[in-house]
Amino acid sequence: MLRAASAFLFLVAIFLIGVIFFTGVVSAGLMSRNLPDADYLYSYRPGEASKIYANDGSWLGTLYKENREWVNIKDIPKSLQDAIIATEDSRFYYHHGIDWRGIARALKADFEKKDIKQGASTITQQLARNIFLSPRRTIERKIREILLAFEIEKRLSKKEILELYLNQIYFGSGAYGIQAAARTYFNKDVSKLDLAESSMLAGLPAAPSVYSPYEDPKLAKKRQILVLNRMVEVGSITKEEANKARDEELLFKSRKTQFQSLTNPYFTTYVLHDLLSRYDEDLLYRGGLEIYTTMDPKLQKLAEESVKWGVKEGNKIGLGCNQAALVSLEPGTGYIRAMAGGVDFSISDQFNRAWQAKRQPGSAFKVFVYTTALLQGYLPDSLIEDSPVSYPQASGVAWCPKNSDGRFWGTITFRRALQFSRNLCAIRLLDRVGIENTVKTAYNMGVKSYLEPNLSLALGSSVLSPLEMASAFGVIANGGIRAEPVCVKLIKDPSGRVIEDNRKPKRYEVLPHTVAYMMIDMMKDVINAGTGTRAKLDRPAAGKTGTTDDYRDAWFIGFTPQYSTAVWLGNDNYSKMDRAYGGDVPAMTWQYFMSRAHKGLEKKDFQPPELKFVQVRICNDSKKRATSRCPNTTLVTMKSSDAKKLGFCPEHPEIEAKKETETKKPENETVAPDKEKTETSPDPGTVQLENMLMEGDSEEKTSPVPETVQPPEQKPETIKLETEEFSKPPAPEPPAAKPSKPEQPKVIKEP
């Protein structure tokens, strides 16, 4: 009785199919006029995930909306092809797009409640629907699907159709295409799949969320067995092979990590931000790009370890800090080798403090002030007053900044003022060289953030990111040459065509090599015997500490010829730390990272400029080398040999100036106990390039330019380097001006 009813229903189904078919024939002529162009299949390629690689070629992450990786049919195991065909379309190689026998068999199986439901759609029809049509179930769509299936069969071979299909369909868990499915479920290339794994994957497309081994392992196993039995029925495998595959224990990729598409997220999310600023989102997520970055996996791991170590050490001594950041790049190329934006990247905390956080750099900003001064003709041993100073404000209340120790050292050299981070010296110098000039220097060196133009800028009152500071200090390390920070080295499209190439990064000469080298020499003293001694390495290094008012931010930024690295320590909520100085935990964290990062690297020193010329101050009256008593002088560039032959000004002899200096009492008697005495030599008018940079000139000493001698109105002529040509730097574009704040500037403390 039951069998007779099934037969009757089967005949009714066949009748309905006939009605649908003849109805379709009537309207097919009209519909065919509006069909999509099947020729599109010749160039069609479904959207592929883009892959991100580290500098050593190791995989970092995948960008996708549809996680897909194209694979050629020849790389797909025959067992997998057979499993898909047996399950989805057993007569695939015998029909021409529509399988009427298959439709009848599927209807019969459906009526008899069998589990493998070979719907009325062949593999070719499914492909036509996925590529050209909407998923809406209507008679019109079904007719268009049939017509398109015929067109596809005319244009493509069976192997080409199967290749498109296997790269197109969805296998669940975010995996589109068979290659992504193999990596998602088994963490292996599709070519390495065996029969057991292939039969498991072949059962997924019918209902990926239902048959997923991650959702219901028992149901997934049952589905796999049905696929194996179907393969036996159609003659693809033997019963023995099916039993062996059924009994094989499958090892699935851990679900905990299978949705994680990015490793080293602090760096890779920055790469994504950088790419989205230049490329269309659809290209990045569906373009199948190969993106090769600059990140060194070993240094990245070390950077993440270092910030955790720094916070832990800080809390051991009671600093009360909960976050840190570190970024390290190559000064010569701008390649970002490591970026740690916090102690832990998580779903609840994805903030990257290495480039997103803007914090006050404190006294680390003084480097830009002293660089500006050297650009204007001052020298490391020029003199500056460390004494009380007061500046009137619009509010009527004078601003009276102080040094962190509350003491005044009197007249000291620039070198010593930077070495021990004397606040009042930096403020005086900023006032002297000009706020606007200093801001321009910072922008030329790579600072992007807005710098508020007031005298508290000397103490780091404007906010900057660790990435900006590492990049700007890298200019000094690189002899005055700026290389923009780069996180992407090379990008290729799926055909192998290069669409971005930064293997030869653009570089700009923004500082004379002589100025950069003098700054290096001064900043070496900070580490060797200044506020940053805890950052000392077993090789030449230079740097600067930074500590802000109320100890809310602590920094150390320093460099070797190989790496420029910035370290920041603080709290996200701007709460105070307990006397956290940049020369303490930040310097120790910097040393922790840099000492390990340089293991196995050559101990290089900074390259001095190869000078054929020097800058000499000339007395305008006698046209000889100026003394400190010459009232009118000009800084000129001349050959080193000519400078040595040139005599000193006879009209303003130096001996009288020396006697006057010896009898004059300092304005402030409170001087640091270890303050060095300034010696006067018979050659005060020569810029110290001879003494610092020239070979074979040790017998001729130079003395610092006294504070009473003001720098020239015009900038000294830049000494051009002949070793390499550089692009002209783009003009800095400072952010839109903000109104100056009338309130009293914050005092930035430094040990």
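As the structure is a prediction and not an experimental result, all values here were calculated from the model. The analysis underlying the following values was restricted to heavy atoms, covering all of them including side chains, and did not include hydrogens, waters or symmetry mates.
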Candidate pair Val369 and Leu418, rule side-chain contact (heavy atoms from CB on, under 4.5 Å), full reasoning: CA-CA 10 Å; Val369 179; Leu418 183 66; over 6 Å; no
Glu330/Arg337 salt bridge by N-O under 4.0 Å criterion: yes
Give the minimum heavy-atom separation between Ala354 and Ser465, together with the two atoms involved. O-CB, 4.1 Å
If we count only N and O atoms by modelled type, under 3.5 Å, do the side chains of Thr293 and Lys489 hold a donor and an acceptor together? no
Report the relative orientation of the aromatic rings in Phe473 and Phe559; use parallel for angles under 30°, tilted for 30 to 60°, perpendicular for over 60°. perpendicular
Please list, chain by chain and in numerical order, all residues satisfying side-chain contact (heavy atoms from CB on, under 4.5 Å) with Ala442, sequence neighbours excluded. Phe365, Phe368, Val447, Leu451
Under the rule for side-chain contact (heavy atoms from CB on, under 4.5 Å), what residues qualify as partners of Asn315, not counting sequence neighbours? Val311, Cys321
Are any of the side-chain heavy atoms of Ile412 and Leu383 separated by less than 4.5 Å? no
Between the side chains of Glu468 and Ser471, does any donor sit under 3.5 Å from an acceptor? no
With Tyr592, which residues qualify under ring pair (Phe, Tyr, Trp, His ring centres under 6.0 Å), at least two apart? Trp309
N-O pairing of Lys448 and Glu484 below 4.0 Å: yes
List for me each residue that meets ring pair (Phe, Tyr, Trp, His ring centres under 6.0 Å) alongside Tyr335, sequence neighbours excluded, and say none if there are none. none
Measuring from Lys603:NZ to Leu601:CG, what's the distance to the nearest 0.5 Å? 11.5 Å
Do Met469 and Val327 touch side chain to side chain, with heavy atoms closer than 4.5 Å? no
Would you check if there is a donor-acceptor pair between the side chains of Asn264 and Thr268 at a distance under 3.5 Å? no
Heavy-atom side-chain contact between Tyr270 and Cys487 under 4.5 Å: yes
Assess the side chains of Glu290 and Tyr292: does a donor N or O sit below 3.5 Å from an acceptor N or O? yes
Determine whether the side chains of Lys576 and Asn571 contain a donor N or O and an acceptor N or O closer than 3.5 Å. no
To the closest 0.5 Å, what do you measure between CH2 (Trp555) and CH2 (Trp568)? 8.5 Å
OG1-CE distance between Thr263 and Met295, expressed to the nearest 0.5 angstrom: 6.0 Å
State, with a plain yes or no, whether a side-chain heavy atom of Leu374 is found less than 4.5 Å away from one of Pro380. yes
Are a donor atom and an acceptor atom from the side chains of Thr441 and Thr371 found within less than 3.5 Å of each other? no
Please determine, by modelled atom types, if Lys544 and Ser363 share a side-chain donor-acceptor pair under 3.5 angstrom. no
In this structure, CG of Leu275 is separated from CD1 of Ile52 (nearest 0.5 Å) by 6.5 Å
Within a radius of less than 6.0 Å around NZ of Lys298, do more than 12 heavy atoms belonging to other residues, nucleotides or ligands occur? no
How far does CZ of Arg579 sit from CD1 of Ile317, to the nearest 0.5 angstrom? 11.5 Å
Scan the side chains in residues 523-530 for donor-acceptor partners under 3.5 Å anywhere in the protein, sequence neighbours excluded, and list what turns up.
residue : atom : partner : partner atom : Å
Lys524  : NZ   : Asp605  : OD1          : 3.0
Asp525  : OD2  : Arg415  : NH1          : 3.1
Asn528  : ND2  : Lys524  : O            : 3.2

Are the side chains of Ser306 and Val567 in contact, using a 4.5 Å heavy-atom criterion? no
With a 4.5 Å heavy-atom cut-off, do Gln419 and Met522 have their side chains touching? no
Go through the side-chain N and O atoms of Ser456 and Asn454 and say whether any donor and acceptor fall under 3.5 Å apart. yes
Is there side-chain contact between Gln607 and Pro561, with heavy atoms separated by less than 4.5 Å? no
Charged N to carboxylate O below 4.0 Å: is that the case for Asp405 and Arg422? yes
Does the ring center of Phe593 lie less than 6.0 Å from the ring center of Tyr563? no
Are the side chains of Gln350 and Thr269 in touch, meaning some heavy atoms are under 4.5 Å apart? no
Starting at CG of Asp386, measure out to CG of Leu424 and round the result to the nearest 0.5 Å. 5.5 Å
Can you list the residues that meet the side-chain contact (heavy atoms from CB on, under 4.5 Å) rule with Ala373, with sequence neighbours excluded? Tyr378, Phe414, Leu429, Val433
So, is the end of the Arg534 side chain (NZ or CZ) under 6.0 Å from the ring centre of Tyr581 and within 45° of the ring's axis? no
